[in-house]
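Written out below as C-alpha cells is the structure these notes cover.
Per chain, numbering begins at 1; letters A, B, ... match sequence-line order. FYI, side chains are in, hydrogens and waters are out, and symmetry mates aren't considered; it's all heavy atoms of this structure. This one's a predicted model, so the numbers in the text were calculated from it and none came from an experiment.
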Protein chains: 2
Amino acid sequence: MEKLPAKTVERLSEYRRTLINCKENGKEYIYSHELAQLHHKTAVQVRRDIMLMGFSGIQRKGYKVKEMIDAIGRILDCKNGQNVGIVGIGHLGTAILQYFTGKRPKLRVVAIFDVDEKKTGREINGVPCYHVDTIPEVVERENIDLGIITVPPKFAKETAEGLINAGIRGILNFTTVPLNVPEDVYLEEYDMITSLEKVAYFARG
Amino acid sequence: MEKLPAKTVERLSEYRRTLINCKENGKEYIYSHELAQLHHKTAVQVRRDIMLMGFSGIQRKGYKVKEMIDAIGRILDCKNGQNVGIVGIGHLGTAILQYFTGKRPKLRVVAIFDVDEKKTGREINGVPCYHVDTIPEVVERENIDLGIITVPPKFAKETAEGLINAGIRGILNFTTVPLNVPEDVYLEEYDMITSLEKVAYFARG
DNA sequence: ATTAAATTGTTAATTTATAAACAAAAAGAT
DNA sequence: ATCTTTTTGTTTATAAATTAACAATTTAAT
Ligand SMILES: NC(=O)c1ccc[n+]([C@@H]2O[C@H](COP(=O)([O-])OP(=O)(O)OC[C@H]3O[C@@H](n4cnc5c(N)ncnc54)[C@H](O)[C@@H]3O)[C@@H](O)[C@H]2O)c1
Ligand SMILES: NC(=O)c1ccc[n+]([C@@H]2O[C@H](COP(=O)([O-])OP(=O)(O)OC[C@H]3O[C@@H](n4cnc5c(N)ncnc54)[C@H](O)[C@@H]3O)[C@@H](O)[C@H]2O)c1
C-alpha cells in the first residue's frame, strides 16, 4: 500500500491520542472542526487527512470516535505490533519508558539496555534491563524492530551501529550527535533546544 | 525585521549545534555540502538557509565556522537573552534541565517549579526550585519569558494558565494535553509517541 | 413539502518548501 | 595566460502542503 505523506502520518498519530481521550470521556462522535480546534489546525486539514487514510464520517453527525481510532490503527499499527528497545536508561530514557508503558499495545518496549550494573539484570517499569553488550542476541531473540537512543553523546555512534548491526529497522535518536544509517533504516531525530529556540524566536514579536 | 520561515529557523538551530561542535574540534571553515551531509539535507538547502539569514561564505573556501555561529546567533538569540522556567521537575524535566545547562548562554533556565517539598526550596543543577504557587512572583521578578511544561497531564491546563497569567510569551508543552493559549503566546508541542509512530510507520517497507 | 443550516468529501487554487539550474568567483593546473 | 574545477549565491522550476471553494447530503425548522 502507498505510504501517506509524513505530515499526515504525524497528524493521524496526534488525532488518535485525542480520540482515545474523547472515547474515555464517553464521547461517541466528533466533528472535524472540534478535532481541528484541539490541535490548532483547520477543519479542512483534518477532513483531508481523514480522506487520505480512506475513512469516512457521517454527514451532520461527524466521525465515529471508536471507528476512527480503529481506522488510524489500521494505518499506523503493524498487524502483530512492533517491538521497541531503549538504549540508555537515565533520566530521559526513564521518562520515555514510563510515558510509553500501557499507551500503545502495538508498540511494545520489550527491552532496555544500559551499561550501569545497578540497572542491568533486573526489571525497570516491568521491562527487563540488559547490558548493551547483549544487544545482538536480545534484538534478535525479542524481535526488536525499533530503537530509541538516549545514551550520553559520546556513545551515540557506537550505539547506533550496534543497533543497526543487530538488524533494527528504525531509530529515534535523542542524542544530538550526527548519525549515519543505511538507506533501509529510518532515522528520526529530535532536539529540545531546537524546539525551545523556535519558541524563543517566535515568542518575541 | 521580517521573520524567517519556521523550517529555516529550525534548521539554523540545528546547524548551529553542529557548527559549535566543529569549532570545538578546531575546524575553521565548512562547505555547504559538509553541513548538509551532517544533517541529511541537500547542500542547496543549506546555502539557501544561509542566504535567507543574510550571511555569506567565501567561494571555494566555504563558510567561516566562527562567523556563521555568530550570524545564527544574531537571528536566533535575543540581545539580552531570554529566561526560561521549567514546571514539573521529574524525570523529563530533569533531563531537559541537565541537557540545557551551559549549552545556550542566551537561553537561561533561571527557575524550576514543582509541588514536591523534597524538591522545592533548594537548588537542582544550580537552578533554584520554587513552589508552583510562586509562579506569578518569580516569573515577574526573574523576568521569565518562556515556559517548559513537564507536569503530570492532569495539571497541564492549570500550569499553562498560571504561566500565561504570569506574563509568559512562549510555551513548550510536553504533556500531551490540548492547551489553549491567547494569540500573543507562542505554543509548541512535542510528543515522543508521535515521533516513534512515525518511525514505526516508515521503518516497515 | 420546502427551506435553511450544518457538515462531510473532493476538487481546484494558493502558498510554502525543496530542488534544479546556472552564473560568478576563486583556486589550481597546464 | 588560459582553462578546468570547485564552490557560493541566486533565480527559476518542481513538488508538497495547505487552504479555499463548493457540491452533496443530512437534519431540523417552518
Ligand atoms: N534531544 C534532546 O532533546 C535531549 C534532551 C535531553 C537529553 N538528551 C540527551 O539524551 C541523552 C541522555 O540524557 P539523560 O539526561 O537521560 O542522561 P543520563 O546521564 O541521565 O542517562 C544516560 C544513561 O545512559 C547510560 N549509558 C552510559 N553509557 C552507555 C552506553 N555506552 N550504552 C548504554 N547506556 C549507556 C548511563 O548509565 C545512564 O543510565 C544524552 O545524550 C543527552 O544529551 C537529549
Ligand atoms: N511529550 C512527550 O514526549 C513526553 C515524554 C515523556 C513524558 N511526558 C509527559 O511529561 C510529564 C512529566 O513526565 P515525567 O516522566 O517527568 O513525570 P514525573 O512523574 O517523573 O515528574 C512529574 C513532576 O511534576 C511534579 N508535579 C506534580 N504536580 C505538579 C504541579 N501541579 N505543578 C508542578 N509540578 C508538579 C511532580 O512532583 C514531579 O516532580 C508527564 O505529563 C508525562 O506524560 C511527555
Side-chain angles (χ1 to χ4, degrees), chain A residues 2-15 18-19 22 27-72 75 188-189 194 198 201-202, chain B residues 2-15 18-19 22 27-72 75 188-189 194 198 201-202:
Chain A
E2 267 305 294
K3 290 280 173 191
L4 296 174
K7 284 293 178 68
T8 295
V9 170
E10 279 180 33
R11 284 189 298 260
L12 290 178
S13 164
E14 289 162 10
Y15 299 157
T18 300
L19 291 168
C22 288
K27 195 169 168 69
E28 274 193 71
Y29 288 89
I30 192 165
Y31 296 126
S32 59
H33 66 260
E34 290 178 300
L35 201 43
Q37 211 222 331
L38 292 166
H39 291 275
H40 310 107
K41 302 267 143 64
T42 67
V44 182
Q45 175 112 87
V46 170
R47 292 205 299 274
R48 201 170 206 296
D49 289 331
I50 292 171
M51 184 186 86
L52 286 177
M53 75 163 170
F55 183 68
S56 288
I58 301 167
Q59 279 189 347
R60 285 225 29 156
K61 282 189 96 172
Y63 301 89
K64 250 197 150 156
V65 172
K66 200 182 156 316
E67 282 184 14
M68 187 161 156
I69 291 172
D70 294 343
I72 296 177
I75 302 285
E188 176 87 9
E189 315 201 281
T194 294
K198 195 174 154 195
Y201 179 81
F202 287 107
Chain B
E2 267 304 294
K3 290 281 172 188
L4 296 173
K7 284 290 177 70
T8 296
V9 170
E10 279 179 33
R11 284 189 299 259
L12 290 177
S13 164
E14 289 161 10
Y15 299 155
T18 300
L19 291 167
C22 288
K27 196 168 169 69
E28 274 195 70
Y29 288 88
I30 192 165
Y31 295 127
S32 59
H33 66 259
E34 291 178 300
L35 201 44
Q37 211 222 331
L38 292 167
H39 291 275
H40 310 105
K41 301 268 144 64
T42 68
V44 183
Q45 175 105 85
V46 170
R47 292 205 298 275
R48 198 170 209 296
D49 289 331
I50 293 171
M51 183 186 88
L52 286 177
M53 76 163 169
F55 183 67
S56 289
I58 301 165
Q59 279 190 348
R60 288 231 18 166
K61 282 189 94 171
Y63 302 89
K64 252 200 150 157
V65 171
K66 199 182 156 318
E67 282 185 13
M68 187 161 157
I69 292 171
D70 294 343
I72 296 177
I75 303 286
E188 176 87 9
E189 315 201 283
T194 293
K198 196 175 153 195
Y201 179 82
F202 287 108

- Could you tell me which non-hydrogen atom of Ile30(B) sits nearest to which non-hydrogen atom of Cys22(B), and how far apart they are? CD1-SG, 3.9 Å

- Would you check, one step at a time, whether the test side chain to side chain contact (heavy atoms under 4.5 Å, CB included) holds for Leu19(B) with Tyr63(B)? CA-CA 10 Å; Leu19(B) 291 167; Tyr63(B) 302 89; over 6 Å; no

- Look at all strands and tell whether Thr8(B) reaches a base, only sugar-phosphate, or nothing, counting heavy atoms closer than 4.0 Å. nothing

- Could you tell me the separation between the CD1 atom of Ile75(B) and the NZ atom of Lys3(B), rounded to the nearest 0.5 Å? 9.5 Å

- Task: Starting at atom CG of Asp49(A), determine the distance to atom P of dG9(C), rounded to an integer number of angstrom.
- Result: 13 Å

- Return the set of residues passing ring-ring contact (aromatic ring centres under 6.0 Å, His included) with Tyr15(B) (not counting sequence neighbours), or none when no residue passes. His39(B)

- List the atom of Met53(B), the atom of Ile72(B), and the distance in Å for their closest heavy-atom pair. CE-CG1, 3.5 Å

- Item | Reported CG-to-NE2 distance for the pair Leu38(B) and His33(B), which is rounded to 0.5 angstrom | 10.0 Å

- Taking Gln45(B) for the side chain and Thr42(B) for the main chain, is one N or O donor matched with an acceptor at less than 3.5 Å? no

- Task: Let me know the distance between CD1 of Ile50(B) and C1' of dT7(D), rounded to the nearest Å.
- Result: 12 Å

- Query: Is there a donor-acceptor contact under 3.5 Å from the side chain of Tyr31(A) to the main chain of Ala43(A)?
  - Reply: no

- Taking C-beta and beyond as the side chain, do Leu35(B) and Met68(B) meet within less than 4.5 Å on heavy atoms? yes

- In whole angstroms, the gap separating P of dA17(C) from CG of Leu52(B) amounts to 10 Å

- Query: When you measure from every atom of DNA chain C, which of residues 55-69 of chain A have a heavy atom less than 4.0 Å away?
  - Reply: Ser56(A), Gly57(A), Ile58(A), Gln59(A), Arg60(A), Gly62(A), Tyr63(A)

Collect all protein-nucleotide pairs involving nucleotides 10-13 of chain C in which both atoms are nitrogen or oxygen and the distance is under 3.5 Å.
none

- Message: Measure NE2/His33(B) against P/dA19(C) and give the value in whole Å, please.
- Response: 17 Å

- Note on the structure: Comparing nearest nucleotides in DNA chain D, the 5'-proximal residue of the pair Tyr31(B), Thr42(A) is Tyr31(B)

- Task: Give the rounded distance in Å between these two atoms: CG of Leu12(B) and P of dA17(C).
- Result: 13 Å

- Message: Please report the distance, rounded to the nearest Å, between CD in Gln45(B) and P in dT8(D).
- Response: 15 Å

- Message: Nearest whole Å is fine: how far is dT19(D) P from His40(A) NE2?
- Response: 14 Å

- Item | Spacing of Leu35(B) atom CG relative to dT7(D) atom C1', expressed in whole Å | 14 Å

